[in-house]
**Student:** 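First the structure, then my questions, so here it is.
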Amino acid sequence: MTTAQQPEKTVQQVRTVAELVDYIQVLTTEIQELYCLDEIPWVVGYSGGKDSTATLQLIWNAIAALPQEKRTKTIHVITTDTLVENPVVSVWVRNSLEQMKVAAKEQEMPIEPHLLYPAIKDTFWVNLIGKGYPAPRNRFRWCTERLKIQPSDSFIRAVIRSSGEVILVLGTRKAESTKRAATMAKHRESRVRDHINTNPNRPNSLIYLPIEDWRTDEVWIYLNQWQNSWGYSNKDLFIMYRGATADNECPLVVDTSTPSCGDSRFGCWVCTIVSKDKSMEAMIQNDEEKEWMQPLLDIRNELDIQDDWDKRDFRRIWGDVQLFERNKNGEISVEPIPGPYTKYWREHWLRRLLEAQTKIRCTAPQNMRDITLITLEEMSEIRRIWLEDKHEFDDSLPRIYQEVTGEEFQDPRPGADYSLLGRDEWIVLEEICEGDAMHLELMAKLLDTERQYRKKTRRVGIYETLEKCFNTSSRSPEDAIKNARLKRELSEAVSQGDVAKVKQMTLGDVAVVNEVDEGESDEEVTWGNMKFKKNDLEE
C-alpha cells in the first residue's frame with residue numbers, strides 16, 4: 001500500500017470559528033490528495049450520528065470539488081443495522097441512505113451506500129430468546145462482536161479480496177471520552193502519515209481519521225453552517241440529539257466548559273451494558289409523540305436485572321454444571337455458574353416482545369406503524385433451535401405468536417411444520433413425569449433424539465447422543481450440583497497431591513456402588529435401575 005511518511009501536525013485544540021473554516025479547507029485538500037494518490041477503495045463507516053455525518057460530509061464535499069475525470073475510485077458507505085437499533089434513529093438512517101443513493105446518482109459521485117445486517121444466527125433475539133443467552137453484561141458482552149463487528153468486517157474483507165487493499169474512514173474523535181482518547185493514543189504508535197494508522201485487526205487496510213482532533217461543538221458548527229451534501233437535514237439531526245438530552249436543551253456553546261447536546265448517545269434499545277438508556281428516556285420525556293416507545297423501554301429495563309439467577313438454568317448452555325467462588329458480603333461460597341434462560345423465561349421474552357410490537361403498531365405515528373421488533377426469519381430460527389437443539393417438541397412459538405397477534409405463524413423454513421411429536425405428546429409426557437422437570441427434560445431429549453435419527457440410513461452417533469442426554473439431564477439439580485462439587489474437590493486434591501483424600505473420595509464411590517449392589521447380585525447395576533430403584537416402603 002502506497003503511503004507517504006509525514007511528520008504529524010500539531011493541531012490546535014481550541015479553535016475559533018474562522019480557524020475552523022481554514023482547517024476545513026486544509027482537510028479538504030488532504031482528502032483530495034489522498035483520494036487521488038492511488039486506486040485503493042475507501043469504506044466510510046456511517047451510523048447516522050453527528051460524527052459519522054460530519055466525516056461523510058467532509059469526504060463528499062471534497063470529492064465533489066474534484067473534476068469529474070478524477071472521481072474514479074469507489075467510496076463505499078456502510079451502515080450496520082443490528083435490528084435492535086433505536087427505532088427513531090433506525091428510520092433516520094434508512095431514509096438517509098436512500099437519499100444518499102439518489103443524490104450520488106444525480107451528482108455523479110462514486111459513492112455506494114450499503115445497509116448491512118448480522119447473520120440470522122447472530123441476531124440479538126435469536127441468541128437471547130432462541131439459545132437463552134442472558135442479557136449482555138460487561139463480563140459477558142456477547143452482542144457487540146455478533147451484531148456490529150462481524151457484518152462490517154465481512155464487508156471489509158470482501159473489499160480486500162476484490163481490490164487487495166482498503167482505506168477505512170471513521171468519525172472517531174478523541175474528545176468523545178477519556179477511554180477513547182487513550183485507545184486512539186495507543187493506535188497512533190502505528191501511524192503512517194497524518195490522520196492515518198494501520199489497522200491492527202485487519203491486514204492490508206488503513207484507518208483514516210479526519211476529525212480525530214475535533215471538539216463536539218466544532219462538529220455541530222460544521223453541520224449547522226455547511227449544507228448536507230446529499231440533501232438531508234442536519235437541522236433535523238440537531239433536533240433529534242436535542243430531544244435525546246435530559247434537559248431538552250442544546251445550549252449555545254461559548255467555551256469549553258459549556259455542555260453540549262452532542263453528549264447524547266444512540267444505540268441498541270435493548271442495551272444492558274449501560275445502566276440506563278438515557279437517550280430513549282429523554283425522547284419519551286421530551287416529546288409526547290414519542291411516548292409510543294415506552295413498551296421498548298419497559299422491556300429493556302426488565303432485561304436489565306443484575307441478579308437474574310432465578311430465570312436461568314443451573315447448568316451451562318452445553319449441559320454441564322460449572323462452579324465458581326462467589327464472594328457476597330464477605331462470605332465466600334462455591335456456587336454453580338448460571339446458564340441460559342429457562343424455557344419459561346425464553347417464552348416470556350418472546351411474548352413480551354410480540355406484545356410490544358403489536359401495541360406499537362397501533363399507537364405509534366403513521367410512519368412508524370410498520371415497525372418490526374423481531375423478524376419472521378428470526379422467529380423461524382428461534383423455533384428451529386427450540387425444536388432441534390433444545391428438543392422442546394411442544395412447539396410453543398406458533399402458539400404464542402397466534403395468541404398475541406391473532407395471526408397464524410407462517411414459517412418460511414421448508415418442512416418446518418412437519419413433526420411426529422407435538423403439543424399433545426408433550427402434555428402426555430408432562431402427566432407421566434408428574435412434575436419432575438428433569439425427568440420430563442430427559443424423556444423429551446431421548447424421544448426427540450430418536451425422532452431426529454429415524455430417517456437416517458446410517459444412525460451413526462445415536463448412542464453418543466443418547467449418552468449425552470443422560471449425562472446432562474439424568475440428575476436432579478441438587479444431585480448434579482453435588483456431583484460437580486465432588487469433582488471439584490477431587491480435582492483440587494489431585495492438584496495438591498493429597499493422596500489420602502483422593503483415596504477416600506474414590507473409594508467412597510466404590511462403597512456407594514457396593515451398597516447399591518447389595519441384595520442385587522443377579523441384576524446388573526445400570527443407570528436405569530439406580531434411577532428407578534424402588535425404595536423399601538414401596539417393596
Side-chain angles (χ1 to χ4, degrees), residues 1-4 6 8-9 11-12 15-79 96-114 159 163 165-173 192-196 206-215 218-238:
M1 183 176 289
T2 306
T3 58
Q6 296 181 0
E8 189 172 330
K9 299 174 184 178
V11 181
Q12 187 178 8
R15 288 182 285 254
T16 64
V17 174
E19 290 170 337
L20 177 63
V21 172
D22 292 339
Y23 185 58
I24 289 173
Q25 185 55 52
V26 172
L27 272 179
T28 299
T29 303
E30 176 185 282
I31 292 168
Q32 292 172 337
E33 292 176 351
L34 184 63
Y35 177 83
C36 298
L37 186 63
D38 49 44
E39 297 301 318
I40 302 173
W42 287 13
V43 174
V44 182
Y46 175 72
S47 67
K50 65 184 188 309
D51 296 334
S52 62
T53 299
T55 301
L56 179 57
Q57 188 168 299
L58 274 172
I59 300 296
W60 191 303
N61 289 340
I63 304 306
L66 290 173
Q68 183 62 46
E69 61 272 14
K70 290 189 176 182
R71 304 180 200 169
T72 58
K73 189 164 63 176
T74 302
I75 298 175
H76 301 282
V77 178
I78 62 172
T79 298
S96 179
L97 290 178
E98 290 300 321
Q99 182 66 30
M100 216 176 284
K101 291 178 183 178
V102 174
K105 185 176 181 180
E106 291 176 350
Q107 300 174 30
E108 297 183 336
M109 291 289 291
I111 290 178
E112 296 182 7
H114 305 269
V159 174
S163 305
E165 298 170 299
V166 70
I167 292 179
L168 182 60
V169 186
L170 301 176
T172 309
R173 295 183 302 111
V192 296
R193 61 173 289 171
D194 202 21
H195 299 144
I196 297 182
L206 296 176
I207 298 178
Y208 181 37
L209 307 169
I211 66 168
E212 61 178 344
D213 294 307
W214 286 31
R215 302 189 313 273
E218 290 177 329
V219 173
W220 283 120
I221 289 172
Y222 175 63
L223 290 176
N224 286 319
Q225 297 301 319
W226 276 260
Q227 187 175 0
N228 185 275
S229 312
W230 52 95
Y232 223 44
S233 174
N234 289 340
K235 302 292 185 183
D236 289 346
L237 178 65
F238 182 79

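If you read the sequence from its start, that first residue is 1, and numbering goes on from there.
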**Student:** Which pair of non-hydrogen atoms, one from Gly48 and one from Leu237, has the smallest distance, and what is that distance?
**Tutor:**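 So the minimum-distance heavy-atom pair works out to O-CD1, 3.4 Å.
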**Student:** About how many Å separate OH of Tyr46 and OG1 of Thr53, when rounded to the nearest 0.5 Å?
**Tutor:**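 One gets 4.0 Å once the value is rounded to the nearest 0.5 Å.
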**Student:** Which heavy-atom pair separates Pro210 from Val169 by the least distance, and what is that distance?
**Tutor:** CD-CG1, 4.1 Å
**Student:** Are Ser47 and Thr79 close enough, and set up right, to give a side chain to side chain contact (heavy atoms under 4.5 Å, CB included), and what steps lead you there?
**Tutor:** CA-CA 6 Å; Ser47 67; Thr79 298; 5.9 Å; no
**Student:** With sequence neighbours excluded, what pairs up with Gln68 under the side-chain hydrogen bond (donor to acceptor under 3.5 Å, both in side chains) test?
**Tutor:** Arg71
**Student:** How far apart are the C-alpha atoms of Gln57 and Asn228, what are their side-chain angles, what is the distance that settles it, and do they pass the side chain to side chain contact (heavy atoms under 4.5 Å, CB included) test?
**Tutor:** CA-CA 7 Å; Gln57 188 168 299; Asn228 185 275; 3.7 Å; yes
**Student:** Any non-hydrogen side-chain atom of Leu170 less than 4.5 Å from a side-chain atom of Tyr208?
**Tutor:** no
**Student:** Could you verify whether a donor N or O on one side chain and an acceptor N or O on the other, from Asn234 and Gln227, lie under 3.5 Å apart?
**Tutor:** no
**Student:** Not counting sequence neighbours, which residues clear side-chain hydrogen bond (donor to acceptor under 3.5 Å, both in side chains) with Trp60? List them please.
**Tutor:** Gln107
**Student:** Check this for me, if you would: do Lys73 and Asp38 make a salt bridge, where the nitrogen-to-carboxylate-oxygen distance has to be below 4.0 angstrom?
**Tutor:** yes
**Student:** Can Asp51 and Thr172 be said to form a side chain to side chain contact (heavy atoms under 4.5 Å, CB included), step by step?
**Tutor:** CA-CA 7 Å; Asp51 296 334; Thr172 309; over 6 Å; no
**Student:** Quick one: pull up CD1 in Ile78 and CG in Leu168 and give me the separation to the nearest 0.5 Å.
**Tutor:** 6.5 Å
**Student:** Which label fits Tyr23 and Trp214: parallel for a plane angle under 30°, tilted from 30 to 60°, or perpendicular past 60°?
**Tutor:**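 Geometry flag for Trp214 against Tyr23: tilted rings.
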**Student:** Angle class for the Phe238/Trp220 ring planes (parallel below 30°, perpendicular above 60°, tilted otherwise)?
**Tutor:** perpendicular
**Student:** Supply the atom-to-atom distance Glu33 CD to Leu37 CG, rounded to the nearest 0.5 angstrom.
**Tutor:** 9.0 Å
**Student:** Using only heavy-atom distances, determine whether the side chains of Tyr232 and Glu98 contain a donor-acceptor pair under 3.5 Å.
**Tutor:**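 Glu98 and Tyr232 do not have a side-chain donor-acceptor pair below 3.5 Å.
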**Student:** Using only atom types and a distance under 3.5 Å, with no angle test, would you say the side chain of Glu212 pairs donor to acceptor with the backbone of Arg173?
**Tutor:** no
**Student:** Under a 4.5 Å cut-off applied to non-hydrogen side-chain atoms, are Leu34 and Gln32 in contact?
**Tutor:** no
**Student:** Taking side chain as C-beta onward, heavy atoms only, is Ile196 less than 4.5 Å from Ile207?
**Tutor:** no
**Student:** Counting distance only, does the side-chain N/O of Ser52 pair as donor-acceptor with the main-chain N or O of Gly45 below 3.5 Å?
**Tutor:** no
**Student:** Once rounded to the nearest 0.5 Å, what's the spacing between atom OG of Ser229 and atom CD1 of Ile63?
**Tutor:**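 The CD1 atom of Ile63 is 11.0 Å from OG of Ser229, to the nearest 0.5 Å.
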**Student:** Ser163 side chain to Glu165 main-chain N or O, any donor-acceptor pair under 3.5 Å?
**Tutor:**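 Between the backbone of Glu165 and the side chain of Ser163 there is no qualifying donor-acceptor contact (under 3.5 Å).
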**Student:** For the residue pair Thr72 and Pro110, establish whether any side-chain heavy-atom pair is separated by less than 4.5 Å.
**Tutor:** no
**Student:** Show your reasoning for whether side chain to side chain contact (heavy atoms under 4.5 Å, CB included) applies to His76 and Val166.
**Tutor:** CA-CA 10 Å; His76 301 282; Val166 70; over 6 Å; no
**Student:** Is the Tyr35 ring parallel, tilted or perpendicular to the Trp42 ring (thresholds 30°, 60°)?
**Tutor:**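 The arrangement is perpendicular - the two ring planes meet at more than 60°.
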**Student:** Look only at the side chain of His114 and the backbone of Glu112, and say whether a donor-acceptor pair between them is shorter than 3.5 Å.
**Tutor:**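 Yes, the answer is positive, given that a donor and an acceptor are paired below the 3.5 Å cut-off.
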**Student:** For the backbone of Trp230 and the side chain of Gln99, can you confirm whether one donor and one acceptor N or O come within less than 3.5 Å of each other?
**Tutor:** yes
**Student:** Heavy atoms only: give me the nearest Pro113-Leu97 pair and the separation to one decimal.
**Tutor:** CB-CD2, 3.9 Å
**Student:** Heavy atoms only: give me the nearest Val219-Ala54 pair and the separation to one decimal.
**Tutor:**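 Smallest heavy-atom distance, with atoms named: CG1-CB, 4.0 Å.
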**Student:** Glu218 side chain to Arg215 main-chain N or O, any donor-acceptor pair under 3.5 Å?
**Tutor:** yes
**Student:** Roughly how far, to the nearest 0.5 Å, is the CG atom of Leu27 from the CD1 atom of Ile211?
**Tutor:**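 The CG atom of Leu27 is 9.5 Å from CD1 of Ile211, to the nearest 0.5 Å.
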**Student:** So, does Gln25 use its side chain to make a donor-acceptor pair with the main chain of Asp22 at under 3.5 Å?
**Tutor:**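 Not a single qualifying donor-acceptor pair exists.
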**Student:** Which value, rounded to the nearest 0.5 Å, describes the distance between Thr16 atom OG1 and Glu19 atom CD?
**Tutor:**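 With rounding to 0.5 Å, OG1 (Thr16) is 3.5 Å from CD (Glu19).
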